[in-house]
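Below: one structure, written as structure tokens.
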Amino acid sequence: MENTLYLYNTLSRKKEEFQPINPKHVGLYVCGPTVYGDPHLGHTRPAITFDILFRYLKHSGYKVRYVRNITDVGHLENDADAGEDKIAKKARLEELEPMEVVQYYTDRYHYYMDLLNVQKPSIEPRASGHIIEQLQIVEDILSKGLAYESNGSVYFDVEKYNKDNHYGALSGRNIEDLLSTTRELDGQTEKRNSFDFALWKKAAPEHIMRWPSRFSDGFPGWHLECSAMSARYLGTEFDIHGGGMDLLFPHHECEIAQSTVANGHTPARYWMHNNMITIDGQKMGKSLGNFITLEQMFSGEHDKLAQAYSPMTVRFFIMQAHYRSTLDFSNEALQASQKGMERLLEATANLEKLQASDSSSFSVAELKEKCYAALNDDLNTPILIAHLFDAVKSINSMLAGKASLTTEDLLTLKQLMHDMVIDILGLSVNTSGSSEGNDELLSETINLLLNLRIDAKTNKDWGTADKIRNELQALGVEIKDTKDGFEWSIK
RNA sequence: GGUUCCUUGGCCGAGUGGCUAGGCAACGGUCUGCAAAACCGUGUACGGCGGUUCGAAUCCGCCAGGAACCUCCA
């Protein structure tokens with residue numbers, strides 16, 4: 001495929017042609033979840049965004065190593081002395097072993113990602129499994145004089161780093177701004193500057209998750225795991241680093257600083273950031289407590305939810321907005337997505353019914369070109385979907401006998417729709433995930449009833465015909481009359 | 001307070017200096033026993049005020065409103 005993919009690089013703040021370091025291979029690192037809570041709607045944004053990137057890169061012929069971590073240690077609750085590992089806190093609250101909490105929420109995360117048809121990354125490393133690598137980086141940075149030890153903790157010396165590098169290059173800040181804007185928090189006394197960040201943190205007595213080191217019994221600073229694990233599995237320089245926009249600063253900025261000191265160069269060439277999902281115009285997130293969990297989305301059990309939404313509806317909803325735009329949650333928007341997606345999937349399934357003819361009344365080649373152009377333009381899935389709806393229109397026109405395609409064009413269209421809808425957008429064709437009651441007996445029974453209805457119609461017995469239709473519909477069987485009979489599906 | 005970003009028709013949501021985004025909803029028509037589905041058609045959108053330009057929703061300035069980050073967050 002001689003397509004050129006353009007990706008928006010946060011580093012340069014513009015779209016850049018994507019060129020991998022090693023031809024045919026792509027190294028992709030994405031910040032994964034912190035597993036101390038149930039996955040919510042917000043978690044689906046990066047998961048789906050980078051799932052599409054992963055799928056598209058593979059579709060384009062690249063061999064992709066996709067690393068997405070599980071954060072199970074190290075996130076400080078507040079800062080400095082008041083710091084407490086989030087996992088540990090949750091554990092004490094629930095009186096569970098920290099690793100028990102981690103396991104539980106990791107499993108939950110995996111379960112819901114599977115429902116959303118998010119492909120598993122190639123490697124899913126855990127921070128807790130890479131303490132040694134993280135300590136090695138701490139030692140390395142210390143030996144280079146860009147970190148200092150203080151009361152059993154080790155901090156990165158941002159000011160010193162900034163002399164030869166630009167701390168803030170990714171997020172568009174500079175150290176002067178940071179000096180004046182960083183909030184004064186308790187327990188900053190260990191640090192030389194408020195913007196210094198921990199590489200290693202001494203554990204308070206009540207802190208359960210801890211590892212021995214020559215500095216103290218403690219745990220790694222929360223930016224360090226990504227530096228350690230990306231370098232271990234992708235090398236010190238790899239192609240793409242992704243994550244949520246909320247991680248841009250300080251997380252990714254610190255990551256760059258650490259890795260730059262350790263390796264002499266920035267870790268990733270392209271930095272991609274997905275925007276947030278909002279609700280009532282505000283970011284959906286843990287801190288605000290305004291999130292809707294995926295369990296709630298799929299069951300409909302939440303005050304904000306007018307109904308349950310299927311995983312595919314949620315997936316489609318997310319893909320209908322560009323990944324760098326905020327996306328506002330609303331029932332109306334979700335319902336619109338659901339209906340649109342059903343139409344798209346039905347048309348895709350109906351491709352099999354199409355008959356070729358002598359000539360083509362529309363250009364499949366042009367459609368195909370537009371689809372790839374949309375993807376190549378920084379993964380513009382809303383535009384891609386708009387083009388797919390054009391295809392839907394054409395497919396339905398063909399079904400209605402108002403459009404035609406040659407055998408060759410029809411084949412191309414089938415392949416294209418399969419590639420786009422199934423492979424790249426990752427929608428599964430069996431629409432609603434609910435009762436797949438496709439057992440013989442049920443099918444034959446419904447067929448029997450609908451055949452009786454045809455008889456009734458032949459006899460102009462509209463009362464009986466309507467009764468069969470209405471009652472079946474009430475039971476959730478969707479009925480469509482066609483020229484030569486009927487079609488039905490279970491809703 | 002600092003930095004950055006956003007404001008598009010009933011709802012969601014793309015986009016470009018001049019060429020139909022798309023979806024959902026609505027309305028009219030075709031089809032149908034009636035519906036549903038499908039098809040055809042309709043909707044004179046770009047926060048406000050100035051400026052640049054032959055021409056701006058798209059560039060610049062100001063104003064209004066909103067958001068993100070600066071603290072854990074996807």
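Values in this document were obtained by computation on a predicted structure and should not be read as measured data. First the proteins, then the strands, lettered A, B, ... as listed; each starts at 1.
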(request) Find the distance H43(A):NE2 to C72(B):P and express it as a whole number of Å. (result) 16 Å

(request) Could you tell me the separation between the CZ atom of R173(A) and the P atom of G1(B), rounded to a whole number of Å? (result) 17 Å

Do the side-chain N and O atoms of [X] and [Y] include a donor-acceptor pair separated by under 3.5 angstrom?
{"X": "T4(A)", "Y": "E17(A)", "value": "no"}
{"X": "H40(A)", "Y": "Q296(A)", "value": "no"}
{"X": "H223(A)", "Y": "H252(A)", "value": "no"}
{"X": "S227(A)", "Y": "Q258(A)", "value": "yes"}

NA contact type, [X], heavy-atom cut-off 4.0 Å: base, sugar-phosphate, or nothing?
{"X": "N174(A)", "value": "nothing"}
{"X": "A333(A)", "value": "sugar-phosphate"}
{"X": "H387(A)", "value": "nothing"}
{"X": "T278(A)", "value": "nothing"}
{"X": "G42(A)", "value": "base"}
{"X": "M276(A)", "value": "base"}
{"X": "L247(A)", "value": "sugar-phosphate"}
{"X": "I277(A)", "value": "base"}

Are any of [X]'s side-chain N or O atoms less than 4.0 Å away from OP1 or OP2 of [N]?
{"X": "N380(A)", "N": "G15(B)", "result": "yes"}
{"X": "K283(A)", "N": "C69(B)", "result": "yes"}
{"X": "T482(A)", "N": "A37(B)", "result": "no"}
{"X": "N274(A)", "N": "A74(B)", "result": "no"}

[atom1] spacing across the pair [N] / [M], given as an integer number of angstrom:
{"N": "C5(B)", "M": "C39(B)", "atom1": "P", "answer": "41 Å"}
{"N": "U16(B)", "M": "A45(B)", "atom1": "C1'", "answer": "15 Å"}
{"N": "C49(B)", "M": "G43(B)", "atom1": "C1'", "answer": "29 Å"}
{"N": "A36(B)", "M": "U7(B)", "atom1": "P", "answer": "37 Å"}
{"N": "G10(B)", "M": "C46(B)", "atom1": "P", "answer": "10 Å"}
{"N": "G55(B)", "M": "G22(B)", "atom1": "C1'", "answer": "27 Å"}

Nucleotide paired to [N] in any strand shown, Watson-Crick or G-U, under 3.5 Å:
{"N": "C34(B)", "answer": "none"}
{"N": "A26(B)", "answer": "U42(B)"}
{"N": "C5(B)", "answer": "G66(B)"}

Check every atom of [options] against the side chain of [X] and return the nucleotide holding the closest atom.
{"X": "R343(A)", "options": "C39(B), A74(B), A14(B)", "answer": "C39(B)"}
{"X": "D246(A)", "options": "G23(B), C39(B), C69(B)", "answer": "C69(B)"}
{"X": "T34(A)", "options": "A74(B), G13(B), A14(B)", "answer": "A74(B)"}
{"X": "Y36(A)", "options": "A38(B), G33(B), C72(B)", "answer": "C72(B)"}

(message) Looking at R55(A) and D51(A), is any side-chain nitrogen of the basic one under 4.0 Å from a carboxylate oxygen of the acidic one?
(response)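 Looking at R55(A) together with D51(A), the answer is yes, because their closest N to O distance falls below 4.0 Å.
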
If you draw the axis of the six-membered ring of [Y], does the NZ or CZ of [X] fall within 45° of it and under 6.0 Å from the ring centre?
{"X": "R324(A)", "Y": "Y8(A)", "value": "yes"}
{"X": "K286(A)", "Y": "F291(A)", "value": "yes"}
{"X": "R192(A)", "Y": "Y155(A)", "value": "no"}

(request) Give a yes or no on whether the backbone of A403(A) and the side-chain of S361(A) come within a donor-acceptor separation of less than 3.5 Å. (result)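 Not at all, since once roles are kept as given, no pair shorter than 3.5 Å links the two residues.
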
(message) With the threshold set at under 4.0 Å for non-hydrogen atoms, list the residues of residues 459-472 of chain A touching RNA chain B in residue-number order.
(response) W462(A), D466(A), R469(A)

(message) Between the base of A35(B) and the side chain of D481(A), is one N or O donor paired with an acceptor at under 3.5 angstrom?
(response) yes

